[in-house]
4 protein chains.
Amino acid sequence: MRTKQGNKEEAILTAAVKVFAESGYHAAKIHSIADEAGIAAGSIYSYFENKQQIILALFDDVWKELYEQISPVEKDNTLTADAKFDMLIDIVIDVFTVDRNLALVVVNEESHLIRDYPEEFTPYFEKFMKSGEAIVKEGVIKRQFRSDIKIDLLRILILGQIRSLLLTWAIGDKKISIQAMKEDLKKFIKCGINRV
Amino acid sequence: MRTKQGNKEEAILTAAVKVFAESGYHAAKIHSIADEAGIAAGSIYSYFENKQQIILALFDDVWKELYEQISPVEKDNTLTADAKFDMLIDIVIDVFTVDRNLALVVVNEESHLIRDYPEEFTPYFEKFMKSGEAIVKEGVIKRQFRSDIKIDLLRILILGQIRSLLLTWAIGDKKISIQAMKEDLKKFIKCGINRV
Amino acid sequence: MRTKQGNKEEAILTAAVKVFAESGYHAAKIHSIADEAGIAAGSIYSYFENKQQIILALFDDVWKELYEQISPVEKDNTLTADAKFDMLIDIVIDVFTVDRNLALVVVNEESHLIRDYPEEFTPYFEKFMKSGEAIVKEGVIKRQFRSDIKIDLLRILILGQIRSLLLTWAIGDKKISIQAMKEDLKKFIKCGINRV
Amino acid sequence: MRTKQGNKEEAILTAAVKVFAESGYHAAKIHSIADEAGIAAGSIYSYFENKQQIILALFDDVWKELYEQISPVEKDNTLTADAKFDMLIDIVIDVFTVDRNLALVVVNEESHLIRDYPEEFTPYFEKFMKSGEAIVKEGVIKRQFRSDIKIDLLRILILGQIRSLLLTWAIGDKKISIQAMKEDLKKFIKCGINRV
DNA sequence: GATGAATGAGCTTTCATTCAT
DNA sequence: CATGAATGAAAGCTCATTCAT
């Protein structure tokens, strides 16, 4: 038989990231993804049920990866909460920094995916968030962070900051150093803008 | 082409906000907007060239309104930079708080609109941003804000925070008090999370 | 506005009869029906939900017509059962004789339609059959027909005869006189082939 | 092209009968047939040129079998025409009674097969019919059947009765005894419904 | 020969947009 | 101006068939 040539599933996902990033999920055509992956349009349906499952798989991959990175950090007793928090930011930024297009897709499409397919959206997103919250809570308890922190709000704000930062970087109009920004972000989150 | 004045254009825009918020721009149907506005689908094309011009008009209205509110504040010599900054946040939050759907549309669709129609996207967005930047710069000069603030980064981060906050509020899963959050946001931006 | 030109619904049904007759329901293309009807393919969907609803509408029209013709006959007290039975055959044959294609569609597609969409198939078919059965029962009671007739079987057999006759006529290979055949059919049903 | 001999070809045909019966020819998937036969989809094409040849082969098998059963009966000088006629009915009913699915396929698909592939449709169908006609003609000549029988019409009617009977039995809604019906059918064909 | 991954033509259906009335 | 019937391009998806292994 004609055996599988290369890893088509991965090729499709890679192609999809590019096409989704360029056109947005809705405007993206299955044919474009197939072309980009170098396969026939019909072949996509051997690997994914439909267009929606492709992007859901993408998000599953990303958040699973992120969760698997943050999870051991969260549980590490040798680290201070402050250090863990820094690593949280590092992990997110570094994972997305690998691929501008991936960053774009996640930043631009996540919101409506959660709205449209709440049942099917990857559970790793919420798991990752819980880990992040646990780190902040630990910081509060260990008196490294302010005691009046509202965890729900903090989550919203930091998520927003990271998204915004990644979007700006990924669009790439302004040549910004994402690594430098990462450090500034940490500092900003911790200290704010007030003169002290 | 926004040729006609009067309440029909407004009715269309109001309907569009609702439909875009519920379905997202791409999935939104012109027929749904027409139904919601109580007019015939074909009539929309007397007021707007096409679907894209409707949403661009929406964004123009919103950012024009915001710019017209922040502009006098920025120029007001009787206010401290810190007070101006608070008003900046107030203005943004308050304008969107009037209409959950408007908040959703702006938060969800702005990014791809700028990507897809960079030339046609409202100039008021950038004007508003410049005003915001001027306020922060003034605060730095007047030594109310830290001197090492990176204005570009700050803009990105604050924008992200506001978007994230509005999105969470507008989705409305968690019953949050947007007014309380507004104050927390100001505090967070200014002081960060570190214990002092 | 552009008002309805002609009766498009009827044009679609007429076109559909032709296309379904020529290609069979499954192989029939919506575009062929639209072409035949002289309209755009998309227009069909203003009148029918989908392909399946077109053919279901066809069957509804046909069996409604047939039921409305047989119903008064069944209830007519001035007629003998024998005469009613003759009219039953006349009605069926005459309705289908108007349009070879209609005959073909009904004969060829009814069976799988009932299988595939039992809930949506026209109730008039069953109503018509009940009327037919009532006529035969009356004939038995009034001792015009044999007392050992099995009504369920008779229904099956007569239906089969009529279908087969119509099919042969509609295909039109053999130039047969449907009117002559109709009389022979009545005689055959009543007397069989045995020499007496 | 039926190139290969042996049980794989048979397995495909057996599987095809089931799948065609359940879904109808058009909706039947080659993959389903392959699955049912326990082979790979591609393998089917070693035994049959395409989907159409499978069903044509099926019909060839069936009508060949039927022809080979009726042929000696027809020529048997020791039997009366009446007895031969009974055996004709017995043969048809009994062959199909072995397999509900086979009955369904023949009843539902024959008509469009003859329409779509008149050149390729099995010649045994026509041969079988000729034998049947010969029997009836003999009955007429030997004065067992009525002299005014129209042989073409009779063929049409009896074929229709048998098809209808088999369809009803094969669908299996009503639990009917096909053997009992067979006898009733013979009687009906011979005597009709009139009271004598 | 057997496999099943790969193909891609071709289908139904949607919906932004047009335009006759 | 307003209407909504009509359009038709465009897209997602299916599945009979091919062919490298």
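All values below were derived from every heavy atom in this structure, side-chain atoms included, with hydrogens, water molecules and symmetry-related copies excluded. In the text below, chain A, chain B and the rest are named by the order of the sequence lines, each starting its count at 1.
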*Toward the 5' end of DNA chain E, which comes first, C:I30 or C:S43, by nearest nucleotide?*
C:I30
*Between C1' of E:dA6 and CG of A:N7, the distance in whole Å*: 15 Å
*asked:* Without decimals, in angstroms, what is the distance between B:Y45 OH and F:dT7 P?
replied: 18 Å
*Could you state the atom-to-atom distance from CG of B:N50 to P of E:dC15 in whole Å?*
17 Å
*asked:* Side chain of A:K51, heavy atoms from C-beta onward: which of F:dC13, F:dT3, E:dT13 has the nearest atom to it?
replied: F:dC13
*asked:* Run the side-chain hydrogen bond (donor to acceptor under 3.5 Å, both in side chains) test against C:E109 and tell me which residues pass, sequence neighbours left out.
replied: C:H112
*Between atom CD in A:Q53 and atom P in F:dG12, what is the gap in whole Å?*
15 Å
*Crowded around A:H31 NE2? As in, over 12 foreign heavy atoms under 6.0 Å?*
no
*Which range-with-range stems can be found for DNA chain F when each stem has 3 or more Watson-Crick or G-U pairs in a row and both distances sit under 3.5 Å?*
E:2-21 with F:2-21
*Between B:G42 and D:H31, name the one whose nearest nucleotide on DNA chain F is closer to the 5' end.*
B:G42
*What's the CD1-C1' distance between B:I44 and F:dA2, to the nearest Å?*
12 Å
*asked:* Show, in sequence, the C-alpha distance, side-chain angles and deciding distance for A:F59 and A:F125, and conclude whether the ring-ring contact (aromatic ring centres under 6.0 Å, His included) test is met.
replied: CA-CA 8 Å; A:F59 276 86; A:F125 174 63; 8.6 Å; no
*Could I get the full list of ring-ring contact (aromatic ring centres under 6.0 Å, His included) partners for C:F48, not counting sequence neighbours?*
none
*For residues 19-44 of chain A, pull every pair meeting salt bridge (Lys or Arg N to Asp or Glu O under 4.0 Å), keeping only residues two or more places apart or in separate chains.*
A:K18-A:E36
*Excluding sequence neighbours, so at least two apart, what forms side-chain hydrogen bond (donor to acceptor under 3.5 Å, both in side chains) with A:S32?*
none
*Look at all strands and tell whether A:A27 reaches a base, only sugar-phosphate, or nothing, counting heavy atoms closer than 4.0 Å.*
nothing
*asked:* Could you tell me how far apart A:F48 (CZ) and F:dG12 (P) are, to the nearest whole angstrom?
replied: 16 Å
*Can you tell me how far P of E:dA2 sits from CD of D:E9, to the nearest Å?*
12 Å
*Taking ring-ring contact (aromatic ring centres under 6.0 Å, His included) as the test, write out the residues that go with C:Y47, two or more places apart.*
none
_Quick check on contacts: within residues 33-40 of chain A, what sits under 4.0 Å from DNA chain F by heavy-atom distance?_
none
_Restricting to ring-ring contact (aromatic ring centres under 6.0 Å, His included), what partner residues turn up for A:F20, sequence neighbours left out?_
A:Y25
_For A:Y45, ring-ring contact (aromatic ring centres under 6.0 Å, His included) partners two or more places apart_ = none
*Is any side-chain N or O of C:K8 closer than 4.0 Å to OP1 or OP2 of F:dA6?*
yes
*C:Q52 CD to E:dT12 P: how many Å, rounded?*
13 Å
_Given DNA chain F, 5'-ward residue of the pair A:H26 and D:K29, judged by closest heavy atom_ = A:H26
